[in-house]
Amino acid sequence: MANSVIEFVCVDPKHRLPAEAEEVNSPLTIHDGTWAYCPSGLCSDHVWRPIEAIALADLRRRSKELIR
């Protein structure tokens, strides 16, 4: 997963911070057949925004810029 290319990010304001709920999973999931990233790791109620394909490591470095 470290080399995954992300094409969507969740921009729901409630999903910006890591969640403490039991329903938390990996921040990576599949949306429309490609990798998507949600900073909270929540399982549902995402608001997906397409982004230019980016490696996971780069997304984490640029997350504040891309997820707003």
Side-chain angles (χ1 to χ4, degrees):
M1 272 196 256
N3 295 323
S4 300
V5 176
I6 313 302
E7 296 186 30
F8 289 91
V9 293
C10 178
V11 294
D12 186 316
K14 296 174 282 197
H15 291 207
R16 287 190 179 165
L17 299 174
E20 297 177 15
E22 291 179 18
E23 64 194 58
V24 173
N25 287 321
S26 166
L28 290 180
T29 190
I30 299 291
H31 175 70
D32 281 352
T34 189
W35 286 111
Y37 178 85
C38 177
S40 70
L42 290 170
C43 299
S44 61
D45 301 323
H46 300 287
V47 178
W48 295 118
R49 182 179 69 142
I51 60 170
E52 184 175 334
I54 187 171
L56 178 58
D58 294 334
L59 174 67
R60 287 185 170 154
R61 281 194 290 274
R62 296 181 56 200
S63 65
K64 288 185 175 136
E65 169 188 337
L66 295 171
I67 303 168
R68 44 183 155 145

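Computed from a predicted structure; not experimentally measured.
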- Step by step, would you call T34 with I6 a side chain to side chain contact (heavy atoms under 4.5 Å, CB included)? CA-CA 7 Å; T34 189; I6 313 302; over 6 Å; no
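Residue I30 holds its CD1 atom at 4.5 Å from CH2 of W35, rounded to the nearest 0.5 Å. Rounding to the nearest 0.5 angstrom, the gap separating the CG atom in D32 from the CD atom in E7 is 10.0 Å. Taken from SG in C38 to CG in D12, the straight-line distance is 7.5 Å, to the nearest 0.5 Å.
L42 approaches K14 most closely through the heavy-atom pair CD1-O, 4.5 Å. Pairing each heavy atom of L59 with each of I51, the nearest pair is CD1-CD1, 4.3 Å. Nearest heavy-atom pair, P39 versus C10, reported as atom, atom and distance to 0.1 Å: CD-O, 4.0 Å.
Residues I54 and V5 are not in side-chain contact: their nearest non-hydrogen atoms beyond the backbone lie 4.5 Å or more apart.
Under the side chain to side chain contact (heavy atoms under 4.5 Å, CB included) criterion, H31 pairs with F8, A36, W48, not counting sequence neighbours.
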